[in-house]
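Structure first, commentary second.
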Number of protein chains: 2
Amino acid sequence: MRSEASTEGVTVGLNAVIVAVTEGVPRILSVPWQGADEDSDSTREALPFGLLDPMRDRTLELGLRRWVEEQTDLSLGYVEQLYTFGDRDREPPGERQGRRALSIGYLALVKESQVGGGGRWRDWYSFFPWEDRREGPPTLIANSVQPALARWVEGSADSGERRNRRERADIAFGLGGARWDGERALDRYELLYEAGLVGEARRDRVVGQAQEGLEAEGQSEWPNPIPGRSLCLDHRRILATALGRLRGKIRYRPVIFELLPREFTLLQLQRVVESLAGVGLHKQNFRRLVAHAGLVEGTGKQTVHTGGRPAELFRFRREVLHERPAPGVGLPEMPEPAATRGGGLDSAYALH
Amino acid sequence: MRSEASTEGVTVGLNAVIVAVTEGVPRILSVPWQGADEDSDSTREALPFGLLDPMRDRTLELGLRRWVEEQTDLSLGYVEQLYTFGDRDREPPGERQGRRALSIGYLALVKESQVGGGGRWRDWYSFFPWEDRREGPPTLIANSVQPALARWVEGSADSGERRNRRERADIAFGLGGARWDGERALDRYELLYEAGLVGEARRDRVVGQAQEGLEAEGQSEWPNPIPGRSLCLDHRRILATALGRLRGKIRYRPVIFELLPREFTLLQLQRVVESLAGVGLHKQNFRRLVAHAGLVEGTGKQTVHTGGRPAELFRFRREVLHERPAPGVGLPEMPEPAATRGGGLDSAYALH
DNA sequence: ACCCTTATTCTCTATTTGAGCATAATTGAA
DNA sequence: TTCAATTATGCTCAAATAGAGAATAAGGGT
């Protein structure tokens, strides 16, 4: 059961989403990019990446660590493989040079203290403004995303396809009575890509999956993109994958402490969780949750106060790994967002 | 920030873990294997796999579907990418032919009706006998795994390393007061591999990460492997990844219905969940859970009875995707396994 | 002393779990 | 026909968890 095929000319790129949280802002490291993208300045930026050296790197993760440490002065703590992307059509035409490119995305977490002046630490939400709901659902969704998606839904001639699109849009963005699910960050980005609502789609000549009514190459017909910084190649897709994965992970593994100093206040911890989850949390209940779950333990020490009563310093409690099968900060199911209710796109269904 | 490296000679294999559940037994499809493994018959079997044809396959997943459908008469429903493996040292020496092999693992779910006579549908737990706890913790753990791991722990000269090993073993296998976590199937397999307790380790000449006291090549010193069917290359590792991932997934996405006919009884549903999760569930509470969560809805129809009172037929309720952010069967945290308590390996800690 | 800010403790209620008892509807055997 | 076995389904009760917020504590500044 082996099919013989020419696998020559495959290039393996290792891409790192390197995350840190500073002052409540989740940030990722980006680097300049001198590729052949024809698009504007916004895509002249990339995730740090390098090629796998098959003769040198014993494992993929070691390869990643090698050149991250060669090229930055970061020391990566937690590293996790995310996904391998290899769509032929997800590269800009200028980049395709006869060889097929795979990119393996990695998620790496570093502590705030590692955020130096060197690289560009971009606010993660500058790439996905619709993902930050700490202050409630962003107006961007009601003002831009929802109408644009509605147009995309209506843009299909086939009524079954319209239902399908409406369903996907509702579930991804929590419209029409559906609830917002922070972990679906990739679904949301992919949907916008398919609908031609992000710059990369235009660059790749994506025509929203049989986007009837629009000419494939009729560039004047492209809808206005939703705001949000682009990246070269498929790097914003990798970034969305990382966001969704990390949001899921913090719920059942104590990875959040990789982003914090050894000792921290509960509010610091809460802010880091909130910044990644993209939702605001109830302070007293959050405290009860992490304390009761045995995730943290108090050191006797106190902070030098910054504003109010001094807070106790806590540290991660390693023993929790013994006690619970899935120790994490178990985010609440967010309260129903009053804002976007009702005006949704309505429903149908398609799995995947 | 691109490092130039020779990426020639990389081969991309697409591997499928194709899962079905029949009569309460979770099964995966395997195929014969004529590779250069020197080991015994047990490794002459493989996951179905094929090579990516970079010129032909537009996406990785399409490539996978192409040759699965070419080579079997299965129609894959749900397909999900698992992980990309590329350790140089995880292939048997005979297989390394100058080129580096990456394997991208996929998980695919098919319905019971697809299980034909064609392939070999192996009981998933025949590869991982320690993972099936439906009848409580298997005696295999207390009888074989625990003592063998204890020897491995003691096999290190360095006391810090011993603590580290003990910690990992405890958490992975739920020993020493730690709780069993079904999703750590990969951790468990990797631990056994490192400890030289599975056949593949011997084949690959792994010396349990600085296994002092054993000669690297002194084959007579190898510990007896833990029972369980082997596979060629790193396929058992992919299989373990799939098991852990699927166990996690059924908790928050309704993928379980991909394995069931369109209409089913609640007991059928429960048996499928149990078979994958590897634990037994409380019947009445399971019923309450899935009904109350809105995951299923009754059709008026009844089964033709098989033994007792006829059961109502249910079907998956698509609308649940609108109502809950993470619809799944939310497994309970298993009751404390009375059997393995107390006799554990004791504790220390190491993240990851 | 009083106000502002943040921390921390508690209460109260509603919901979700865990466990098990009781009842219902079949089939097959006595 | 009646009973035993078997599976389905409904219901209860207590414990644990989650959501919301009041009340109190401990700092700084004016």
Side-chain angles (χ1 to χ4, degrees), chain A residues 23-24 179 251-252 263-271 273-274 277 279-314 323-338, chain B residues 23-24 136 179 251-252 263-271 273-274 277 279-314 320 323-338:
Chain A
E23 297 144 12
R179 304 190 62 174
R251 294 172 45 141
Y252 62 97
E263 301 188 340
F264 47 82
T265 67
L266 293 185
L267 186 60
Q268 271 181 284
L269 174 60
Q270 182 180 344
R271 291 288 178 242
V273 171
E274 288 174 332
V279 298
L281 301 174
H282 183 283
K283 186 169 174 175
Q284 295 97 318
N285 289 347
F286 181 81
R287 157 182 298 268
R288 178 178 63 186
L289 181 74
V290 295
H292 180 83
L295 269 180
V296 298
E297 64 191 353
T299 71
K301 294 176 252 176
Q302 304 237 314
T303 40
V304 282
H305 29 54
T306 25
R309 172 175 170 176
E312 185 172 5
L313 286 169
F314 288 77
E323 296 160 5
R324 328 201 115 217
V329 289
L331 303 171
E333 309 215 339
M334 273 311 287
E336 283 294 272
Chain B
E23 296 145 13
R179 305 191 61 174
R251 294 172 44 143
Y252 63 96
E263 300 189 342
F264 46 83
T265 68
L266 292 184
L267 186 59
Q268 273 181 281
L269 175 60
Q270 182 180 345
R271 291 290 178 241
V273 171
E274 287 174 334
V279 297
L281 300 174
H282 183 283
K283 186 169 172 175
Q284 296 95 318
N285 289 347
F286 181 80
R287 157 181 298 268
R288 179 177 62 187
L289 181 75
V290 295
H292 180 83
L295 269 180
V296 299
E297 63 190 355
T299 70
K301 293 175 251 176
Q302 303 237 316
T303 40
V304 282
H305 28 55
T306 25
R309 171 174 172 177
E312 186 173 4
L313 286 169
F314 289 78
V320 74
E323 295 159 8
R324 327 201 115 216
V329 289
L331 303 172
E333 310 214 340
M334 273 311 287
E336 283 293 272

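For F286(B) and dT7(D), the CZ to P distance is 17 Å, given to the nearest whole Å. In this structure, the CZ atom of F264(B) is 18 Å from the C1' atom of dT7(D), given to the nearest Å. Protein atom CZ of R287(B) is 18 Å distant from nucleotide atom P of dT23(C), rounded to whole Å. Atom CZ of F314(A) and atom C1' of dT6(C) are 14 Å apart (whole Å). For the pair Q302(B) CD and dA24(C) C1', the computed distance is 11 Å after rounding to whole Å. To the nearest angstrom, C1' of dA7(C) lies 19 Å from NZ of K301(A). Atom CG of L281(B) is separated from atom P of dG20(C) by 15 Å (rounded to the nearest Å). In this structure, L289(A) places its CG atom 16 Å from P of dT8(C), rounding to the nearest Å.
Taking only side-chain atoms of R288(A), from C-beta outward, the nucleotide of dT11(C), dT26(C), dA19(C) with the closest atom is dT11(C). When each of dA25(C), dG21(D), dA19(C) is scored by its nearest atom to the side-chain atoms of H282(A), the top-ranked nucleotide is dG21(D).
For the atom pair F286(B) CZ and L269(B) CG, the distance stands at 4.0 Å (nearest 0.5 Å).
When all heavy atoms are compared, the tightest approach of Q270(A) to H282(A) is NE2-C, 4.2 Å. Contact between L295(A) and P327(A) at its shortest, heavy atoms only, is CD2-CB, 4.0 Å. Minimum heavy-atom separation, L313(A) to T303(A): CD2-CG2, 3.8 Å.
Within the 3.5 Å criterion, the main-chain N or O of L281(A) finds a donor-acceptor partner in the side chain of E274(A).
Between dT16(C) and H292(B), a contact under 4.0 Å exists linking OP1 or OP2 to a side-chain N or O. Close to dA8(D), at under 4.0 Å from its OP1 or OP2, lies a side-chain N or O of K283(B).
Toward the 5′ end of DNA chain C lies the nearest nucleotide of R309(A), the other residue of the pair R309(A) and Q284(A) mapping further downstream. When each of G308(A) and N285(B) is assigned the nucleotide of DNA chain D with its nearest heavy atom, N285(B) is the one assigned upstream, toward the 5' end.
Residue L266(A) is out of contact with every strand shown, counting any heavy-atom pair closer than 4.0 Å.
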